[in-house]
Amino acid sequence: MVKVRLPDGTVLEHPDGVTAAQIVEAISPNLARAALAAKVNGRIVDLATRFANEEIDFRVLTFKDDEGLYVARHSCAHVMAEAICDLWPGTKLVYGPPVENGFYYDIDLDHPLTPEDFERIEARMKEIVKEDRPFTRYELPRDEAMRKLEAEGNEYKLDNARRADGETLSFYVTGAEPGPRCFEDLCRGPHVPSTSKIGAFKIMQVAGAYHHGDASKKMLQRVYGTTWPSKKELRQHLQFLEEARKRDHRRIGQELGLFTVDPLVGTGLVLWKPRGAVIRRALEQAILEELLRRGYQPVYTPHIGKLDLYRTSGHFPYYKEAQYPPLFDSDRARELNTLWEMAAAAGGGPAGEQERALWEKLASTYPELGKAGYPLDAPAEDRLTRIRAWLAQDDGYLLKPMNCPHHVRIFASEPRSYRDLPVRLAEFGTVYRYEQSGEVSGMTRVRGFTQDDAHVFCTNEQLPEELADCIDLSRFALGMIGLNDYRVRIGLRDPDSDKYIGVAENWDLAENALRAAVRAADMTYSEEEGEAAFYGPKVDFIVKDAIGREWQLGTVQVDYNLPERFGLEYVGADNQTHRPVMVHRALFGSLERFVGILIEHFAGAFPLWLAPIQATVCSVSEKSADYAREVFDLCRKANLRVELDNSGERIGAKIRKATLMKVPYILVIGEQEAQHRTVNVRTREGKQLGSCTMPEFLAACAQEIVTRGAAAPGEEGQASPA
RNA sequence: GCUGCUGUAGCUCAGUGGUAGAGCGCCUCCUUGGUAAGGAGGAGGUCAUGGGUUCAACCCCCAUCAGCAGCUCCA
């Protein structure tokens, strides 16, 4: 007897040997038609799964469930794999999982697949779907399965099998039973009942991918497909992709003249053009005003720092590959630094061969060093100290990869009392990171960028309040833009790991404080153990844009590490010295990336307060040109960012031009307006707001700017000048 | 960094082993037109850079640089 408990609590009884499909059929034939798989006791299984002598929690999965869709996507990958193997018999399959929006299959095939091939593959897939063959699972004992795979000679599948757990390995046949003419694949499953159930699909692209992501392995072809419950949803997804393509900040940034990247300047180094600079400045000003209200103190720090600053912070040479190479103004500094790197790499022990050879050379080149001597057999720690002492006279510099060490040194520049804390130092700090060439893209992944950075130095007791304020500030910043759809991720330490610095009670304090602040703010959040930095727990803000894409923006991080490394202290009420705790936080992350995201979020149609050009004055003809200029001057005097179009074009062309530039307000100035001393206002959305006087228009704009109105993209501004 | 694709006018892109084209933009002129493209004329290119093959290279080959997609990475 099998007792089946449905999600609504109903319990059904079935005889032993019943399949999931039969259980569904008994619930409802309609449901049976839609069924793709079942979730039994929390595990997703094939509908062909049999049960005997047990009690099960049972849920049917259809296209309405993410898990059902997931199963269909996986099955679709099998269908595609079969199609490709049919068309190119030499194909070796590697690995074909479902992913967001669809699936991919990695294949080893010498013929490079092209979009023309996609059509052939899809055509073959459609035939397979039409044949409506069942997916049939069978299992073999591990050793038998391995023999079978060895005989087939696909080393990738053998590798997959070696990595798989369990006493048996499962295979899926696309057909009623295994046989020489049936497609089959080593696969954990589960799958939909038959090939007609995989939904609507399309092969999207092919790209290179390494086996296990290992660049030393052969490059495979990764064929991506997308799968949806129906053609309608497939179409919607393709439309979404088209929409995302249209919003691409690289394209809009070019069209609207916001920024450029010049190979002569350098890959990943953004040049903000005047119109882009307007957006950035407006954001910086809005943030700055709020920071001042909250007791932050703006600081400025240089773009480079001595290498020893980063030796102290630990960022050098740990992140060496991600930094621009250090600047040296002497060979001595360069060579001493190399010696230092060698000693640092020695793992604490005595000098290695290279280090000894370099020292020989240094000792002869620089007599004063040779005279001072170098303890080659002493612990690395001693050698490092010695080298740093020498470098103190003449060291290299590093383009700063982060602002924290500079801010730390500002904190350390004067004695601090507990009465001075918290110290909140803020800076739009530009940092440089040498991202891999393949990573650099537009404004969202660059090599030089400006963080809206701040560091709070406080006591442990103050930490909860400071974290709460950081989180509140992040919410304020996002709300200012109208980005109100976000969640947060709390990164906690892994309690079983010992990689974390600092004492457990401080971690508990910080983690609880972050959790409490997030809860108090009533935000959607997830807690993720093991996601903390080694130096402290953190909170990341993940924001949804206008078309539903998620971006990680701000972050609040507790740091017990840097105060320790730099020996920061303050004098407490007890007249003893104490170590402050540090909070790193960025609201938007970097201004480059954030503006890039905003361009896509608003599709270039920025709200009035951010719009590079807020209004364009368009004369209807030369007869109204003088009044148009008067209107233009009035706007400019009112600090509106305005342009004048007195060109010989017709009014339609002028309006089109301004609309394409996403200018919020177009002021149409003809003889009627000149006569009545009014302006006729049209929005970039094409809405005619009618006529009003200049004071009315300017007041409405001022109001809209001050309230940062029209934050929701695609909607009308709050203020209506008409 | 890896693999693949791409690089032609300011932008978007055609094109051919015998030294180059369109549309938009730009300039000039005509037009004085009322809510998304008025008309005509003109200027503008070392065909990414450096090598090679060839009688001849924008085109074929190699390298470099840059862009795109994916992989890997992001303190």
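Every chain is numbered from 1, with letters handed out A, B, ... down the list of sequences. Everything numeric in this text was worked out from a predicted model, so none of it was measured.
Residue-level contact check: Ile655(A) touches the bases, meaning some heavy atom is under 4.0 Å from a base atom. Nucleic acid contact class of Leu660(A) (heavy atoms, under 4.0 Å, all strands): base. Gly686(A) comes within 4.0 angstrom of no nucleic acid atom, judged by non-hydrogen atoms across all strands.
Distances shown here put every side-chain N or O of Arg251(A) at or beyond 4.0 Å from the OP1 or OP2 atom of rC68(B). The side chain of Lys623(A) places an N or O atom within less than 4.0 Å of a non-bridging phosphate oxygen (OP1 or OP2) of rG33(B). For Arg433(A) and rC73(B), the shortest distance from a side-chain N or O to OP1 or OP2 is not below 4.0 Å.
Legend: residues meeting ring pair (Phe, Tyr, Trp, His ring centres under 6.0 Å) with Tyr535(A), ordered by chain and number and at least two apart, are His584(A).
A salt bridge between Glu550(A) and Arg487(A) is present, with a side-chain N of the basic residue lying under 4.0 Å from a carboxylate O of the acidic one. Between Arg424(A) and Glu466(A), at least one side-chain nitrogen of the basic residue sits less than 4.0 Å from a carboxylate oxygen of the acidic one, meeting the salt-bridge criterion.
Comparing rA69(B), rC73(B), rG33(B) against the side chain of Glu439(A) picks out rC73(B) as the nearest.
Counting only Watson-Crick or G-U wobble pairs whose defining distances are both under 3.5 Å, the stems of 3 or more consecutive pairs in RNA chain B are B:1-7 with B:65-71, B:10-13 with B:21-24, B:26-30 with B:38-42, B:48-52 with B:60-64.
Spacing between rU8(B) and rA14(B) at atom P, rounded to whole Å, works out to 10 Å.
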